[in-house]
Colleague: 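Once you've had a glance at the structure underneath, I'll fire off some questions.
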Amino acid sequence: MKNWFAGKRILVTGGAGFLGSHLCEKLLESGAEVLCVDNYFTGRRSNIEHLFKNPHFEAMRHDITFPLYVEVDAIFNFACPASPVHYQHDPVATTKVSVIGAINMLGLAKRLNAPILQASTSEVYGDPSVHPQPEEYWGNVNPIGPRACYDEGKRCAETLFFDYHRQHDLKIKVMRIFNTYGPRMMANDGRVVSNFIVQAIENQPITVFGEGQQTRSFCFVDDLIDGALRLMTTPDDVTGPINIGNPNEFTMMQLAQTIIRITGSKSKIVHMPLPQDDPRQRQPDIEKATALLKWSPTIQLEEGLKRTIQYFEGALKK
Ligand SMILES: NC(=O)c1ccc[n+]([C@@H]2O[C@H](COP(=O)([O-])OP(=O)(O)OC[C@H]3O[C@@H](n4cnc5c(N)ncnc54)[C@H](O)[C@@H]3O)[C@@H](O)[C@H]2O)c1
């Protein structure tokens, strides 16, 4: 894998975000030149400032809903707000970045004849009626609900990727990312792991939606990035979509209790009404990733939570 990236110029859109910043870091470690493009909607300079001193790293402020003319060897398209709080803040912008942003990046990939990897999402499965979700499952998405700007935007982006592949023979890789957590998540963006950790560190009540029996599976960021790098280096006939996530499933109550235990918090759990269209269950079927990428997650929840809690303890002190 190291050889594939060494000396290549790689574009990471959304590179100043949570996942994008870890991806930039790992690409630099693999010997690549990295061009990080971000409009800082949810990304932060502080996520990437430690990379500025690296001569192989370059950051550009740009909104990918506008065309971009650069010369690169491969593209990771990660630009898009990922948490409901942010993607629902300006839903039209969310659909625009998902769809128009994808068209612009696919156009760039076509001009350069470069492979392009799309950060898609398990949200394309909506509130799934099949469990766990294999890639063949078409999903159960409400097209007019408050989550649709993101879910349908990402679904349309997948359509565009496969049409560019069929129509223009573009080398595409579509990765369906399941819940991922780790250092550099934002403190108050409404994602459950960061929410619970911040509430626990501050000894505030931990807010669990509904009875807390809905389940999620959580992937630590290092595992996710490893999956993305592996997918990019696969032969051209491997297009995906491929699920990348950790199949170990936990209820929200289990998550809250584990975080309270690790932090030694005095927080009490309180229950809030379930948000609209909140999926009851989400768990990846990762058979394809295991077979095609020789990938499976290596960092389990307790270890990942410890590393994430350590990050938030430092970040909250600042
Ligand atoms: N973290 C997860 O659990 C998860 C799960 C599924 C899919 N994903 C996908 O992975 C990608 C990264 O997610 P993340 O968790 O790092 O989110 P994030 O919000 O931290 O990062 C997104 C980045 O994209 C940038 N961005 C947004 N609109 C842009 C635009 N128009 N032009 C340029 N940059 C723009 C933001 O400023 C930010 O830096 C997203 O595409 C998201 O949909 C993430």
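We count ligands from 1, going down the list as the structure has it; atoms in each ligand are counted the same way. What you are looking at is a predicted structure, and each value in this text was computed from that prediction instead of being measured.
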Colleague: Tell me the contacting part of Tyr150 for ligand 1: side chain, backbone, both, or neither, using a 4.0 Å heavy-atom threshold, strictly below.
Modeller: side chain
Colleague: Decide whether Leu23 and Trp295 are clustered together by the hydrophobic rule: side chain heavy atoms of Ile, Leu, Val, Met, Phe, Trp, Tyr closer than 4.5 Å, transitively.
Modeller: yes
Colleague: Just verifying a value: how many Å separate Asn246 CG and Leu301 CG, rounded to the nearest 0.5 Å?
Modeller: 8.0 Å
Colleague: So, is Asn77 polar-close to ligand 1, with some N/O to N/O distance under 3.5 Å?
Modeller: no
Colleague: Identify the protein heavy atom lying closest to atom 29 (C) of ligand 1, giving its residue, its atom name and the separation to 0.1 Å.
Modeller: Asn39 OD1, 3.2 Å
Colleague: So which of Met175, Lys154, Met105, Arg176 actually passes side chain to side chain contact (heavy atoms under 4.5 Å, CB included) with Gln118?
Modeller: Lys154
Colleague: Measuring from atom OG of Ser122 to atom CD of Gln283, what distance do you get when rounded to the nearest 0.5 angstrom?
Modeller: 12.0 Å
Colleague: Please state which protein non-hydrogen atom is closest to atom 11 (C) of ligand 1 and give its distance, to 0.1 Å?
Modeller: Phe78 O, 3.2 Å
Colleague: For ligand 1, which part of Lys154 has a heavy atom less than 4.0 Å away: the side chain, the backbone, both, or neither?
Modeller: side chain
Colleague: Between Cys219, Ser120, Ala119, Gly153, flag the one that comes closest to atom 7 (C) of ligand 1 by a heavy atom.
Modeller: Ser120
Colleague: Can you name the nearest heavy-atom pair linking Ala74 to Met232, along with the distance?
Modeller: CB-CE, 3.8 Å
Colleague: Could you check atom 6 (C) of ligand 1 against the protein and tell me its nearest heavy-atom contact, residue, atom and distance included?
Modeller: Ile177 O, 3.2 Å
Colleague: Mind checking the CD1-OG spacing from Ile286 to Ser217? Nearest 0.5 Å is all I need.
Modeller: 9.5 Å
Colleague: Can you tell me the protein heavy atom closest to atom 13 (O) of ligand 1 and the distance?
Modeller: Ala82 CB, 3.6 Å
Colleague: Do me a favour and list the nearest non-hydrogen protein atom to atom 22 (C) of ligand 1 with residue, atom name and distance?
Modeller: Cys80 O, 3.2 Å
Colleague: Is it the side chain (CB and beyond), the backbone, both or neither of Ser83 that lies under 4.0 Å from ligand 1, heavy atoms counted?
Modeller: neither
Colleague: What distance separates Arg191 CZ from Met185 CE, expressed to the nearest 0.5 Å?
Modeller: 4.5 Å
Colleague: Nearest to atom 1 (N) of ligand 1, what protein heavy atom do you find, and at what distance?
Modeller: Arg191 NH1, 2.8 Å
